Novice: 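Here you go, one structure.
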Amino acid sequence: MTKHIPHESAELHVSGEALYVDDISASPDLLVGRVVYSPHARARIISFDLTEAKQVPGVAAILSARDIPGHNQMGPVVKDEPCLASEEVTFVGQAIFLIAAETDAQCRAAEKKIKISFEPLEPILTLDDAMARNNLLGPPRTMSRGDADSALQKSVHVIEGELRTGAAEHWYLETQSSLSIPGEGEEMMLYSSSQNPSETQALVAEVLGVQKKDVVVEVRRMGGGFGGKETQGNHVACWSALLAHATRRPVKIRLFRDDDMIMTGKRHRFLVRYKVGFDDNGKLEALKVELNSDAGAATDLSFAIMERAMLHCDNAYVVPHMHVVARVWKTNLPSNTAFRGFGGPQAIATMEHIIDRIARTLHRDPAEIRQKNFYGLTNNNVTHYGQRVEENRLHTMFEQLVKSSDYAERRRAIRAFNASNEFFKKGIALTPVKFGISFTTTFLNQAGALVNIYNDGTVLVNHGGTEMGQGLHTKIRQIAARELGVSLDRIRVNATNTSKVPNTSPTAASTGTDVNGMAVRNAIGTLKERIAESISSMFNEEKKSPTTNAVDIRFERDEIFDSKHPARRLAFADAMRMMVMRQVSLSATGYYRTPGIGWDKIKGHGTPFRYFAFGMAVSEVLVDVLTGAVTLLRTDILHDAGDSVNPAIDIGQIEGGYIQGVGWCTTEEIKWDAAGNLMTHSPDTYKIPTSKDIPLDFRVSLLKNATNPNAIHGSKTVAEPPLMLGISTWLAIKDAISAVTDHNVEPEFSLPATNEVVLLSIEKLKCHTATKASPHTIA
Amino acid sequence: MTTKTNTISFVLDGRLVELSFAGSSTLTPTTTVLNFLRSLPHHRGVKEGCAEGDCGACTVALGELGERGEMKYRAFDSCLLFLPMLHGKQLITVENLRAPSGELHPVQRAMVDEHGSQCGFCTPGIMMTLFALYKSGGKPSRMDIADALAGNLCRCTGYRPILDAAEKVCHGDGQDHFVGTEANIAAMLKSISRASISVSTRGQRYDQPSTLEECLALLNEAPGAIVINGASDIALRVTKKFEPLSHIIDCSRIKELEVVRDDGKVLSIGAGIRLTDVMKIVRQDFPALHGMLEVFGAQQIRNTATLGGNIGTASPIGDTLPVVIAYGGSIVLQSSKGKRTVSADSFVTGYRKTERRPEELITAIELPRPSPKSHIHAYKISKRRDLDISTLSGTFRLDLDDAGTISDVLLVYGGMADRTRRATSAEKFLKGQLWSRAVVEEAQRHIDNDFAPISDVRGSAEFRRIAARNLLLKFWFETIDRG
Ligand SMILES: Cc1cc2nc3c(=O)[nH]c(=O)nc-3n(C[C@H](O)[C@H](O)[C@H](O)COP(=O)(O)OP(=O)(O)OC[C@H]3O[C@@H](n4cnc5c(N)ncnc54)[C@H](O)[C@@H]3O)c2cc1C
Ligand code: FES
Ligand code: FES
């Protein structure tokens with residue numbers, strides 16, 4: 001069976017027939033919902049008056065916090081996020097009122113008539129300010145191995161510095177959307193663009209003051225998620241449900257792009273300080289890292305994100321003595337949230353930046369320093385949190401990629417180019433990623449499925465994962481087909497629905513296929529056992545000898561047969577008809593919990609991950625020294641997808657993830673003004689990569705012979721890790737900048753490296769004012 | 001010609017549609033084609049990703065009658081098109097691509113085969129861009145394809161499979177089921193009256209004159225009306241700011257604004273010519289303008305935007321005015337009382353203020369052919385190369401005498417002041433000097449004095465200052481004879 005099958009919705013996508021929330025035909029009594037949000041970063045709400053606004057023709061309801069029948073709360077982990085602000089607003093974009101009207105224009109007209117007065121309070125808008133005022137969101141955490149302090153004292157070389165990484169907007173093409181349809185009594189049906197339908201269901205029940213059994217959430221597909229709809233898809237769902245509840249009419253909210261960008265959280269900004277000790281050969285001896293993240297105004301997933309950052313400070317390298325301290329800071333900005341990589345990118349960028357500095361200090365090729373410090377195959381392979389790096393593919397991949405990308409030769413050519421060009425410089429960088437797969441909140445590593453076989457031989461698969469473009473449903477369909485031995489066209493994967501599979505985890509942490517695929521396999525296993533039992537007795541009823549044993553029954557090529565007596569066989573569809581006649585249940589649930597993981601959050605020690613995913617990239621760039629413009633000349637990626645379930649989908653994930661990483665590292669810059677207003681609130685000023693921003697020469701391949709014993713059908717997830725390969729581009733840019741002073745001076749650098757950052761960095765080098773990054777005391 | 005009131009005609013789903021605004025409670029003349037389509041039960045394939053022309057999710061194709069009666073197809077952002085702009089055209093949406101048999105269109109097939117969609121939300125728009133590319137004939141290069149797609153953002157794929165699909169399918173014959181019905185559609189389009197249109201709905205008037213004379217008369221009566229051509233600037237006031245524009249005069253159907261005149265010395269480009277077509281006109285002899293247009297918005301924007309509109313905005317970061325100034329160009333203004341020509345250099349008089357009187361229309365832009373010895377280069381600095389607004393731009397013209405001294409120099413900058421501005425003291429300094437690095441470095445200091453740029457969302461003042469200086473060095477580097 002070919003694995004390169006297209007996305008299960010590909011034909012629907014290309015024909016415009018795929019339905020997203022906003023496309024669902026609803027009844028003519030559908031109302032449009034609008035969210036009125038705070039114009040202040042921090043202010044007390046003194047009073048408001050909705051009387052005039054409610055009189056605008058077409059307006060069916062305007063709600064404030066007082067009108068919430070249940071709890072005014074939609075925090076996913078910590079209950080610190082009001083659904084509608086009541087006394088104080090804590091960021092620009094925080095929801096205060098909800099309007100439902102016949103048209104969007106009426107909603108906007110009503111919004112203008114709302115009277116509200118605020119008493120502005122002084123906001124905290126930057127990490128530096130939050131740190132200066134000690135505005136911690138929660139207690140700091142540490143993770144340690146060995147004795148970093150004394151090891152640093154003994155190191156021949158010690159460098160320290162800081163790195164700032166920027167926020168980023170998910171820019172899913174489909175903005176946050178939800179349609180709520182009230183049923184009878186307390187029933188509420190939601191069609192949502194959510195990565196986490198079970199949590200959406202829970203929060204909707206909570207704000208409505210009803211129970212989970214009363215709320216059904218269905219997700220057919222999302223027009224992109226990337227983590228942005230892991231918790232924050234819940235918000236529009238709660239708001240549309242409140243309006244539907246109040247008006248007893250269907251209500252749809254689809255955020256206007258600017259509103260979406262202003263209201264929702266981003267990737268966490270980080271300020272990292274580090275001190276690293278290493279020997280003359282560039283071997284890492286000790287590392288102290290201080291991670292500071294900007295959580296925004298509420299908790300959301302900030303602690304889990306910081307935890308993943310702490311777990312990825314090592315990236316691919318053995319650090320004998322390591323001390324990580326992490327602090328999550330509260331500011332008056334929208335609560336930052338999950339975004340592909342979940343804290344990993346910030347930590348990995350830090351480690352790769354450190355290696356890059358070590359190489360420059362020692363006048364060595366950074367790739368060489370990287371290789372030298374990789375986790376070992378048999379020893380030196382335990383992370384700073386105590387997990388052994390099994391199935392370590394770093395060395396193999398390094399060897400293959402250095403060769404296939406012609407790294408050494410190109411490095412030489414670049415040196416020659418740079419020597420003879422004053423106004424253009426080239427740079428190259430190889431960076432690896434090692435990414436831990438599993439939720440670090442261990443209980444989330446579970447999944448459920450419900451598989452129904454109908455008596456015409458077709459199969460409907462339900463599982464808890466959601467489809468956001470990553471091809472999860474396609475892979476699940478392939479897995480189900482393979483397990484049942486039937487052709488793909490017999491199988492349909494249903495929209496994710498909380499009434500089919502309850503209590504599910506979010507589709508996140510790259511676990512979608514791993515856990516849901518297993519749950520589906522388990523459900524099918526149950527069905528096959530039942531069917532085999534019945535079919536073998538059916539064969540035996542014909543009094544054939546020797547008899548057929550149930551264990552010998554096979555499911556292959558749309559047939560069911562006795563492998564010992566292959567003449568005894570039935571077409572799958574015929575068999576299913578018979579099963580119903582023979583009173584065999586053709587519906588089964590499946591469940592899976594990830595084994596072998598255990599993580600002590602308090603001690604910061606254990607085995608949080610089922611396995612590690614590996615990837616490596618070499619990127620080469622051309623920098624225009626006079627304008628700061630960057631051209632991506634070539635990127636070679638080698639990625640480990642295990643025995644890929646679908647190589648075409650996996651390559652798509654790798655390329656897309658890498659380009660998203662390139663965006664975060666180069667042109668995607670979020671800016672707020674001094675009052676906390678988002679300045680980059682539309683694609684006019686927020687620039688994600690276009691078709692012209694991909695490498696001119698782009699070569700992606702999957703590691704061969706790479707069966708993964710720890711996931712379905714030997715595969716490995718791909719989803720998040722490739723994003724971090726974008727870091728190779730960032731460091732290639734730095735390499736090119738550094739060529740301006742022949743790699744003798746450490747350039748000032750931050751992330752993203754916009755044309756402005758590049759140009760200013762070059763300018764400082766030229767002025768020879770740049771010295772080694774200024775020293776910082778780190779705690 | 002008599003003016004047609006309150007109805008427009010276009011082809012949709014292979015049928016001639018007469019749309020009346022008179023009876024409609026929801027449609028106004030500034031309703032966008034995107035919102036119109038999404039209000040229909042069977043055209044929700046078209047998506048809104050931004051409502052400002054920056055993502056391409058709303059891309060549709062418009063079929064228009066070419067000069068020889070053939071059909072020409074181009075991609076547009078439907079979020080920036082007002083309904084009357086459809087008049088006399090064929091609106092093609094993603095729903096129309098499948099053959100009547102249900103078979104996928106070749107561009108759709110290629111996208112499926114090459115795994116070009118992931119979440120699928122950008123895909124309908126991408127299909128329409130590829131459809132237009134497929135129908136444009138020829139075998140586009142990889143770069144042409146990437147260029148055609150630069151106006152379609154995709155956050156999932158990394159674009160490579162989409163480029164592959166396009167490369168595979170676009171071989172030039174443009175064969176598909178549209179070919180069979182083309183004559184029929186062309187006949188329908190021909191049957192549509194070319195008369196002027198006037199639409200009046202609740203508090204809003206929209207005139208679409210079909211001749212220059214009518215347009216100037218309208219403008220004379222209502223000098224406060226908003227003139228639009230491509231509307232790629234003005235549409236945002238509706239789609240982003242929700243302003244009720246009370247009176248619009250849409251010049252997009254005036255043939256007199258699409259005239260090109262070339263007497264060998266001066267090229268006169270009609271103010272209403274779409275930038276895509278302007279590019280073809282200037283490619284040979286005005287490469288700096290061509291180069292600037294290559295990075296102007298993206299294809300969908302260039303298919304709608306005009307030179308008259310770009311200069312009409314008087315935006316300090318408008319991309320074409322600095323280039324027109326550097327070419328020594330002028331702006332032709334016309335009212336019902338007469339015609340006058342203003343030098344481009346003095347056209348803008350303040351922040352978004354121009355020499356144009358309210359009753360005047362920009363009818364043409366005149367570009368004198370530069371001497372073959374003049375060096376004219378244009379540079380745009382933006383965070384992203386394509387589909388981005390300039391942080392700053394510089395267009396420079398240099399004339400050297402035989403001894404290598406500077407006989408004339410023009411340094412025109414966008415984004416460095418409240419309007420397009422020349423670096424006058426640097427120019428003055430340079431004149432009569434040798435075009436050497438030392439001189440250029442000295443001139444860079446003058447540029448610093450010429451401007452006091454601001455910091456804004458697109459860049460800091462410091463960045464602008466350094467880049468403005470550097471551009472001159474870049475110009476020097478690109479113009480010196482390196483043997
Ligand atoms: C996504 C996007 C990207 C863009 N990228 C760029 C870019 O890269 N560079 C750039 O410079 N601009 C850019 N723009 C701005 C805009 O597209 C251009 O200014 C364009 O040239 C305007 O032309 P138009 O015909 O669409 O103008 P319109 O919107 O029709 O008009 C613009 C202005 O000119 C006036 N006007 C139009 N025609 C005439 C006339 N004949 N006589 C007198 N006044 C007239 C109008 O009253 C209005 O004030 C972009 C816009 C968008 C939405
Ligand atoms: S909706 Fe984004 S370009 Fe039209
Ligand atoms: S496929 Fe998701 S945005 Fe393009």
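This is a predicted model, so every value here is computed, not measured. Within every chain, numbering begins at 1; the chains are lettered A, B, ... in the order of the sequence lines, protein sequences first and strands thereafter.
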Novice: Look at the side chain of B/Thr123 and the backbone N and O of A/Val14, then say whether any donor-acceptor pair between them is shorter than 3.5 Å.
Specialist: no

Novice: Flag the pair B/Lys47 and A/Asp23 as a salt bridge only when some basic side-chain nitrogen lies within less than 4.0 angstrom of an acidic carboxylate oxygen.
Specialist: yes

Novice: Nearest 0.5 angstrom please: A/Glu11 CD to B/Arg109 CZ, how far?
Specialist: 5.5 Å

Novice: Checking A/Arg108 against B/Phe242: charged group under 6.0 Å from the ring centre and within 45 degrees of the axis?
Specialist: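 A/Arg108 over B/Phe242 ring: yes.
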
Novice: In residues 50-60 of chain B, which residues are in contact with chain A at a heavy-atom separation under 4.5 Å?
Specialist: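 At a heavy-atom separation under 4.5 Å, chain A is reached by B/Cys50, B/Ala51, B/Glu52, B/Asp54, B/Cys55, B/Ala57.
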
Novice: Flag the one option from A/Met222, A/Gln660, A/Met261, A/Met679 with the top tally of heavy-atom pairs under 4.5 Å to chain B.
Specialist: A/Gln660

Novice: Counting only N and O atoms by type, is there a donor-acceptor contact under 3.5 Å from the side chain of B/Arg98 to the main-chain atoms of A/Ser15?
Specialist: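 Checking the backbone N and O of A/Ser15 against the side chain of B/Arg98, no donor-acceptor pair under 3.5 Å is found.
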
Novice: Which region of A/Asp258, side chain (C-beta onward) or backbone (N, CA, C, O), has a non-hydrogen atom less than 4.5 Å from a non-hydrogen atom of chain B, or is it both or neither?
Specialist: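 Just its side chain gets close to chain B.
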
Novice: Is a salt bridge present between A/Glu763 and B/Arg469, judged by a nitrogen-to-oxygen distance below 4.0 Å?
Specialist: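 Looking at A/Glu763 and B/Arg469, the cut-off is met.
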
Novice: With B/Asp13, which residues qualify under salt bridge (Lys or Arg N to Asp or Glu O under 4.0 Å), at least two apart?
Specialist: none

Novice: Considering only NZ, NE, NH1 and NH2 on the basic side and carboxylate oxygens on the acidic side, decide whether A/Asp684 and B/Lys240 come within less than 4.0 Å.
Specialist: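 Salt bridge flag = no for B/Lys240 with A/Asp684.
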
Novice: What orientation do B/Phe477 and A/Phe424 show, parallel under 30°, tilted 30 to 60°, or perpendicular over 60°?
Specialist: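 Answer is tilted, since the angle falls between 30° and 60°.
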
Novice: Go through the atoms of B/Thr239 and report whether side chain, backbone, both or neither lie under 4.5 Å from a heavy atom of chain A.
Specialist: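 Backbone only.
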
Novice: When you check the side-chain N and O atoms of A/His13 and B/Ser117, is any donor under 3.5 Å from an acceptor?
Specialist: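 Note: A/His13 and B/Ser117 side chains meet the donor-acceptor criterion.
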
